[in-house]
There are 2 protein chains.
Amino acid sequence: MARATGIAVWTRIAAQLREDIASGAIVPGGRLPPEAALASRFAVNRHTVRRALEDLARDRLIRIEHGRGSFVAEPVLDYQINLRPRFSEWVRRHNREPFGDKLSLRMIDPADLPECTIIREVLGLAAGEPVLELLRRGTADARPLSLSRHIFPARLEGLHAALLNHATITAALAQIGIADYLRLRSRITCRMPTPRECALLELERDAPVLHCENVNVTAANTPLELCFAIYPSHRVALIVEPTA
Amino acid sequence: MARATGIAVWTRIAAQLREDIASGAIVPGGRLPPEAALASRFAVNRHTVRRALEDLARDRLIRIEHGRGSFVAEPVLDYQINLRPRFSEWVRRHNREPFGDKLSLRMIDPADLPECTIIREVLGLAAGEPVLELLRRGTADARPLSLSRHIFPARLEGLHAALLNHATITAALAQIGIADYLRLRSRITCRMPTPRECALLELERDAPVLHCENVNVTAANTPLELCFAIYPSHRVALIVEPTA
DNA sequence: TTTTATTTGTCCGTATGTATG
DNA sequence: ACATACATACGGACAAATAAA
């Protein structure tokens, strides 16, 4: 790195690294070379490189992890939690191509699910009344964004077939005569992902996920769906804008 | 454990364990004896104990961690994200005793903080304009619930002294003439805690925390505060109930 | 479980160029 | 011309966190 240009060396190193990231030479989520390697590449002291990296980290372009390295931050999609939960619309609003993988669909007795008590209570199910469980993976531009388990009362006429035939839940519900559905309540926690979830989300196993439990109802306010969804925290942030 | 009472043995073991937990014989967050130890204590096979543990896990009374053990779940406080952020009121509504530790209060140039860009933008600061940074720990019944960094424009007359003199932010703001303040927007993500955060929150290193970035404004809609807060996910859940 | 290597974080210090008074 | 303050850049040593053997 040439000197005496009137601009600090670390500033120009930072600019070069910004360019490398913008050009895609280092992919989002990818790792930068270690500080020592960058120092020798730019022929400067390690401290000078560190000053440049601090600058990028301050702008959230990279995140520096003690003992591990520096990583290019992935673009985070802000997901606004509003009255109507619609995955595809949300992704398209961010100018990305949405896609919903249907992983599985089955009818099951909620007693065989760990969330048994909540499911029965929220959906108002009688003992032994079965539910439909849909597993779904949400993707934007080939990057997995969510894993969701949708629980519907199995008594809804024709829903099983409709869910099989349509790409989106909104479309399937429309077919059986439910033109609109609303978010009643969301409960947000976070946890570590299971190995299976890591594989499906293409996630490292030390990256926590946001966990949402959503209660959705019809426009007539009857319980319709309980949805458990997880989101990789490095790719998704939840936005809440209270209005009342 | 006596047999032939007409009630399954695992049911009575589960009932006994529920009592142990309810009575506080095992503290929340504490570890249950290994399955083998429980089996010998109740003089049953390990599989019978496992059936009982599954029952407790289904009710979220314990969480079973592969290769680690079973742990008594801590009571989770539901924190509703509504228009007025008030820590003390929230905790009191759950019949627990709130307490706010002031960890530090200082005036600082936001350029020295990693969230420099966001702070300037949200609070509408001129370059070099200082801010007040208040670090706070929220506790309920001696259990740490939150760690928050509150950023105020330092230009607010008398705020430094008011924050020092009052236990709550609401009271400090009231003293300088700000009778009400509102949540404009919250951005929710999650991450792993730092070692320092673990110590302050009395948290294990592998437990993720919810991370909230809150923008709060005065009743007149002028930017007042940027608040970064973290919550241990095993103790706090965030509730959102959309209304529009 | 323990050890070793890698990588980042935090000190210590030294030297130089530049702006200010 | 000189003193001072400040930002920049370099060098080395060790601590702390992580990953792999």
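Model, not experiment: these values are computed from the prediction. Just so it is clear, the values below take in all heavy atoms, side chains as well, and ignore hydrogens, waters and symmetry mates. In the text below, chain A, chain B and the rest are named by the order of the sequence lines, each starting its count at 1.
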In whole Å, I'd like the distance from the [atom1] atom of [X] to the [atom2] atom of [N].
{"X": "A/F71", "N": "C/dT6", "atom1": "CZ", "atom2": "P", "value": "17 Å"}
{"X": "A/I13", "N": "D/dT8", "atom1": "CD1", "atom2": "C1'", "value": "12 Å"}
{"X": "A/E35", "N": "D/dA16", "atom1": "CD", "atom2": "P", "value": "18 Å"}
{"X": "A/R50", "N": "C/dT10", "atom1": "CZ", "atom2": "P", "value": "7 Å"}
{"X": "A/N45", "N": "C/dG13", "atom1": "CG", "atom2": "C1'", "value": "13 Å"}
{"X": "A/R63", "N": "D/dT18", "atom1": "CZ", "atom2": "P", "value": "13 Å"}
{"X": "A/I64", "N": "D/dA17", "atom1": "CD1", "atom2": "C1'", "value": "14 Å"}
{"X": "A/R68", "N": "C/dG9", "atom1": "CZ", "atom2": "P", "value": "12 Å"}

Within-4.5 Å side-chain heavy-atom neighbours: A/D55 and A/L17 =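 They are not in contact (no side-chain heavy atoms under 4.5 Å apart), so the answer is no.
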key: Base-pairing mate for C/dT6 - Watson-Crick or G-U, with both contacts under 3.5 Å   =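 In the structure as shown, C/dT6 has D/dA17 as its Watson-Crick or wobble partner.
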request  = Under the side chain to side chain contact (heavy atoms under 4.5 Å, CB included) rule, what do B/K102 and B/L163 come out as? Steps first, then yes or no, please.
outcome  = CA-CA 9 Å; B/K102 278 188 287 233; B/L163 286 171; 5.6 Å; no
inquiry  = Tell me whether the side-chain N or O atoms of A/R46 pair up with the base of D/dG12 as donor and acceptor below 3.5 Å, since no angle test is needed here.
reply    = no
request  = Give a yes/no on whether any side-chain N or O of A/T48 is located under 4.0 angstrom from OP1 or OP2 of D/dT8.
outcome  = no
query = Is a side-chain N or O of B/R183 found less than 3.5 angstrom from the main chain of B/N82, in a donor-acceptor match?
reply = yes
message = Keeping B/N45 on the side-chain end and B/H47 on the backbone end, is there a donor-acceptor pair under 3.5 Å?
response = yes
Whichever of A/R51 and A/H47 has its nearest DNA chain D nucleotide further upstream toward 5' =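 Of the two residues, A/R51 wins.
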